[in-house]
Amino acid sequence: MKRCFTHLFIVGSLVLLSNQGFAHGRYILPSHTMTSAEKQETITIQSSISNDVFHPDMPLGNNDKGIDVNKKLSNVFAQLHPYVVTPDNQDEIPMSYQAFSRFSVSDLTLNTKGTHNVVIEQKPFVVTSFTHENGEPGREFGPGLNLPAGARDIQRRQVTSRSEVFVSFNGLTKPQTQGKGLEVTGQHPNDVFANEDVQFQLLFNGQPLTRATQVSLIREDTRHRNQREANIIDTDNNGSFLVSFAQAGFYLLEAQITQNSSLDGVDIEQATLYLTLEVFPQ
């Protein structure tokens, strides 16, 4: 089951992108998820496209001043929407990332009490898969269709992804969901402790899921292990699930759903979530 689930994530990432840079997972890693100061505090946020959890491989985000590896990731960066939602859920602060060879970096200055939602959204992207006349599989990217003669088994899917982390300054406030793509609600993400049960729920476009799915949780520092200790959890039919973390530290939560679409010209909608959680010791 674990192998199948990992394969599902890899395939999901592959269809997001038309070059090698898209064939990986992704994450956001902040220097702090909880911080305090009398007036304001600045934290640093790293983001990367990588299958190694919290070990960078390729940059995720750029403000046109940093390095673009071989200029192959410009189309990736152009499809990203990085921003921060303020604790009162009223404003979206643009984020400016600078890309280096293996990761992107941004500073975030906090001066409003409460919990901020740091997000990198992958804009909706259409992928068309099909079978060539000779039986070979094919794929086209973008809204236009330029399929070869004799193409069959045509399926168009709209894919999105959401990478996020929550950062609290001078106390916790309940984060509001954004109603975009796949999100987690329930227990406050910055109030999670080792060896305590935590209840979460997956939402899609602001609504609870209508069928069961799976969630993967991988702890930091599992890079060179044959078994990465992925904790695979089945949700109930509303997307709710219970989890307990055996150790403190950073974890990457990954979830993906695929469902029939009511969008014009789209057969399938596919959404992926990459949520970074910091689990605190008791």
Side-chain angles (χ1 to χ4, degrees), residues 6-7 9-35 42-84 94-108 116-123 125 159-167 189 216-231 247-256 272-279:
T6 301
H7 177 70
F9 283 131
I10 293 173
V11 171
S13 297
L14 277 170
V15 298
L16 289 174
L17 304 163
S18 58
N19 59 38
Q20 186 178 2
F22 285 79
H24 299 276
R26 53 189 63 188
Y27 67 80
I28 298 176
L29 184 62
S31 60
H32 303 75
T33 59
M34 295 274 287
T35 187
T42 298
I43 68 168
T44 297
I45 294 172
Q46 180 192 113
S47 60
S48 179
I49 302 169
S50 176
N51 280 334
D52 286 330
V53 174
F54 304 135
H55 288 272
D57 189 7
M58 290 176 283
L60 178 64
N62 190 33
N63 61 358
D64 296 329
K65 295 181 180 178
I67 296 172
D68 181 351
V69 181
N70 298 323
K71 298 295 182 184
K72 291 183 177 180
L73 295 175
S74 297
N75 61 332
V76 179
F77 299 144
Q79 296 174 31
L80 300 178
H81 176 38
Y83 61 94
V84 179
M95 291 284 286
S96 179
Y97 282 89
Q98 181 164 339
F100 291 87
S101 295
R102 290 192 177 273
F103 56 79
S104 300
V105 172
S106 180
D107 273 347
L108 172 62
H116 302 67
N117 187 193
V118 182
V119 182
I120 299 179
E121 285 182 0
Q122 171 81 48
K123 298 176 182 177
F125 191 78
V159 297
T160 59
S161 77
R162 180 181 181 90
S163 306
E164 65 179 347
V165 68
F166 294 87
V167 179
S216 166
L217 285 148
I218 300 179
R219 187 173 57 83
E220 61 183 338
D221 296 331
T222 57
R223 180 183 186 189
H224 297 296
R225 300 185 182 189
N226 291 329
Q227 299 297 328
R228 299 176 68 188
E229 303 176 1
N231 185 9
Q247 299 181 46
F250 281 100
Y251 289 76
L252 185 65
L253 182 155
E254 299 183 32
Q256 185 180 87
T272 307
L273 171 67
Y274 304 94
L275 169 63
T276 299
L277 293 169
E278 184 172 16
V279 176

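Here, residue 1 is the first one in the sequence, and each next residue gets the next number.
The salt bridge (charged side-chain N to carboxylate O under 4.0 Å, His left out) test applied to E121 returns R162, K180, not counting sequence neighbours. Remark: Y251 pairs with F245 by the ring-ring contact (aromatic ring centres under 6.0 Å, His included) rule, at least two apart or across chains. Remark: S31 pairs with no residue by the side chain to side chain donor-acceptor pair (under 3.5 Å) rule, at least two apart or across chains. Residues forming a ring-ring contact (aromatic ring centres under 6.0 Å, His included) with F166 (at least two apart in sequence, or on another chain): none. In this structure S50 satisfies the side chain to side chain contact (heavy atoms under 4.5 Å, CB included) test together with Y27, S48, D52, D57, sequence neighbours excluded. Checked against side chain to side chain contact (heavy atoms under 4.5 Å, CB included), H116 has the following partners two or more places apart in sequence or in another chain: V84, P87, L110, T112, F169. In this view, E278 and T33, F250, F280 satisfy the side chain to side chain contact (heavy atoms under 4.5 Å, CB included) rule, not counting sequence neighbours.
Note: L275 CG to S163 OG = 9.5 Å, rounded to the nearest 0.5 Å. In this structure, CG in L252 is found 7.5 Å from OG in S216, a value given to the nearest 0.5 Å. Rounding to the nearest 0.5 Å gives a distance of 10.5 Å between NE2 of H32 and OG1 of T42. Residue L108 holds its CG atom at 5.0 Å from CD1 of I43, rounded to the nearest 0.5 Å. Expressed to the nearest 0.5 Å, how far CD1 of I120 lies from NE2 of H81 amounts to 11.0 Å. Remark: T276 OG1 to Q46 CD distance equals 10.5 Å, nearest 0.5 Å.
In this structure the side chain of M95 never reaches within 4.5 angstrom of the side chain of V119, judged on heavy atoms. Side-chain contact between Q122 and L80 is present, with heavy atoms from C-beta onward closer than 4.5 Å. In this structure, the side chains of Y97 and I45 come closer than 4.5 Å at one or more pairs of heavy atoms. Residues Q98 and V105 are not in side-chain contact: their nearest non-hydrogen atoms beyond the backbone lie 4.5 Å or more apart.
Between S96 and S106 the shortest heavy-atom distance is O-OG, 3.1 Å. The two residues A99 and P59 have their closest heavy-atom pair at CB-CB, 3.7 Å. For the residue pair F77 and G61, the shortest heavy atom distance occurs at CE2-N, 3.1 Å. Residues Y274 and S161 share a closest heavy-atom pair of CE1-CB, 4.2 Å. Of all non-hydrogen atoms in E164 and N117, the two that sit nearest each other are OE1-ND2, 3.1 Å.
Judged by distance alone, with hydrogens and angles left aside, the side-chain atoms of S47 form no donor-acceptor pair with the main-chain N or O of I28 at under 3.5 Å. Listed for the N231 side chain is no donor-acceptor partner under 3.5 Å among the backbone atoms of L217.
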